[in-house]
Structure formats: structure tokens, C-alpha cells
Student: 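The following block contains the structure, expressed as C-alpha cells.
Owing to the predicted nature of the structure, the values given are computational and were not obtained by experimental measurement. What's counted below: heavy atoms across the whole structure, side chains too, no hydrogens, waters or symmetry copies.
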Amino acid sequence: SFNQVRIVTKDQGEITKMHVAMLGMVAEQFISDLRTKTRRGQRGRIEAGRSAGGLAFGYTVLPDGDRVIEEVEAETVRRIFRDYAAGVGPRELAASLNSERIPGPGGRPWKDTTIRGQRERGTGLLNNELYVGRLVWGRTEYRKNPSTGKRVARTIHQSELVIKERPDLRIVS
């Protein structure tokens, strides 16, 4: 409207501010419903003991969504846990693995944050409960900050997590 350009469609005729507002509300509701349905589907996959998305170092996700242990990577996971328990810090572990040219997750170099992550969010190799045979889903949700437009992670209360025991996927005790 600032440039005095009219938008006209074959079906709707001239598009007005009212059209834009209504279509925006419909689109926002569609996205909200899609988010709800996606989370419901992911939750169902976890409750069935399958992957709800995301990769974990040491595992391969099969086409049916199940996971299997990838033994070469699993040995690296065991080594990290052993060395950490013996007092070697994440920064030293990452440097050692990189100097030996042992590829990290996704084939990238190791970083201390890859190993230690954030405890409350369950990130990082040392905080991933899948290594002890426990699938944990729903630790965080993302909301868009209306001021900045950026997605912000929020941790979910412990009582709302979905946990599924999978002892066949245990890599470390």
C-alpha cells in the first residue's frame, strides 16, 4: 500500500489488509497444529522405543527408526567415559581424540562441549542417557522470542519427560 501497488488474485479479487490478517491467523493456527501433531508423533516413537529424530554418536538409526550400536564409535564412547572417570577433563579428551585423528560426531573434530554439553538439557556425550540404555525425550522445547524473532530453548520439568528403557542399546554401565 505504501507504494500504491494493488495485489489482485483470480479467486479472491483485490487482497486487502483484512485478507492478510485473516490468512496470517489461519497460517499461524496451521503451524501450531502441526507442532502439536509432530510432537505427538515423536512421543509415540519414543514410547515404542524408536528414534524420534536426531543422531547419537555410537549408534546407527535404521530405516524403521530403531537404533543399533555402531561398534567402532561405541569403543570411542567407552574410552571417553573411562578416561573421564579417571580424571581426564573434556578439553584434554577432545585434544587427545583429535591428535589421534579419531573422528567426532558427524566426522567433525572433537570439542570439549561435544563431550561435556549442558547437564540440564541432556546434551553432550557424557549427559546422554542413551549410553546407559535409556531413551529420554522432551527435555527442551523451543519458543520464538517475539522481541528478537529468535528461537529460545526452554527446559521441561523432569515430571514431563518420556523415558523408555532400552538395555539392548547400553554402551556403558
Student: Please find the pair of heavy atoms, one from Asp168 and one from Ile69, that lie closest to each other, and give the distance.
Tutor: O-CD1, 3.8 Å
Student: Do the side chains of Gln42 and Trp137 get nearer than 4.5 Å, heavy atoms only?
Tutor: yes
Student: If we ignore hydrogens and angles and just use 3.5 Å, is the side chain of Gln4 paired with the main-chain N or O of Ser1 as donor and acceptor?
Tutor: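 No; zero donor-acceptor contacts below 3.5 Å.
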Student: Where is the tightest heavy-atom contact between Asp66 and Asp64, given as atom of each residue plus distance?
Tutor: N-OD1, 2.9 Å
Student: Contact between Ile115 and Trp110 at the side-chain level, heavy atoms closer than 4.5 Å - yes or no?
Tutor: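 Ile115 reaches Trp110 side chain to side chain.
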Student: Working to the nearest 0.5 Å, report the span between OG1 of Thr155 and CD of Gln118.
Tutor: 10.0 Å
Student: With hydrophobic residues grouped by side-chain heavy-atom distances under 4.5 Å, do Ile102 and Ile171 end up in a single group?
Tutor: yes
Student: Taking only Lys NZ, Arg NE, NH1 and NH2, and the carboxylate oxygens of Asp or Glu, determine whether Arg139 and Glu160 approach each other closer than 4.0 Å.
Tutor: no
Student: Could you tell me if the side chain of Glu14 sits less than 4.5 Å from the side chain of Ile7, heavy atoms only?
Tutor: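 Not touching, per the 4.5 Å side-chain cut-off.
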Student: Over all heavy atoms of both residues, which pair between Ala56 and Asn128 is shortest? Give the atoms and the distance, please.
Tutor: CB-ND2, 3.8 Å
Student: Going hydrophobic residue to hydrophobic residue with side-chain gaps under 4.5 angstrom, can you get from Val68 over to Val132?
Tutor: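 No, no single cluster joins them.
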Student: Of Arg67, Glu47, Arg50, Arg45, which meets side-chain contact (heavy atoms from CB on, under 4.5 Å) against Leu135?
Tutor: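 Single pass found, and it is Arg67.
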Student: Side-chain contact test, heavy atoms from C-beta onward, threshold under 4.5 Å: evaluate it for Ser96 versus Glu100 and give yes or no.
Tutor: yes
Student: Any sub-3.5 Å donor-acceptor pair from Glu70's side-chain atoms to Val72's backbone N or O?
Tutor: yes
Student: Of all the heavy-atom pairs spanning Lys111 and Ala94, show the shortest one and how long it is.
Tutor: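 Closest heavy-atom pair between Lys111 and Ala94: C-CB, 3.7 Å.
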Student: Answer whether the closest heavy-atom distance between the side chains of Ile80 and Leu126 falls below 4.5 Å.
Tutor: yes
Student: Any non-hydrogen side-chain atom of Ile156 less than 4.5 Å from a side-chain atom of Glu141?
Tutor: yes
Student: Under 3.5 Å, side chain of Asn127 to main-chain N/O of Arg116, donor-acceptor pair present?
Tutor: yes
Student: If you look at every heavy atom in Ser159 and His157, which pair is closest and at what distance?
Tutor: OG-ND1, 2.8 Å
Student: Classify the ring geometry between Tyr131 and Phe81 as parallel (under 30°), tilted (30 to 60°) or perpendicular (over 60°).
Tutor: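 Rings of Tyr131 and Phe81: perpendicular, over 60°.
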Student: Using side-chain heavy atoms (C-beta onward) and a distance below 4.5 Å, is Leu97 in contact with Arg79?
Tutor: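 Heavy-atom side-chain distance check passes, below 4.5 Å.
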Student: Look only at the side chain of Tyr59 and the backbone of Glu73, and say whether a donor-acceptor pair between them is shorter than 3.5 Å.
Tutor: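 Here the side-chain-to-backbone pair does not exist.
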Student: Grouping I, L, V, M, F, W and Y whenever their side-chain heavy atoms are under 4.5 Å apart, do Val61 and Leu130 come out in a common cluster?
Tutor: no
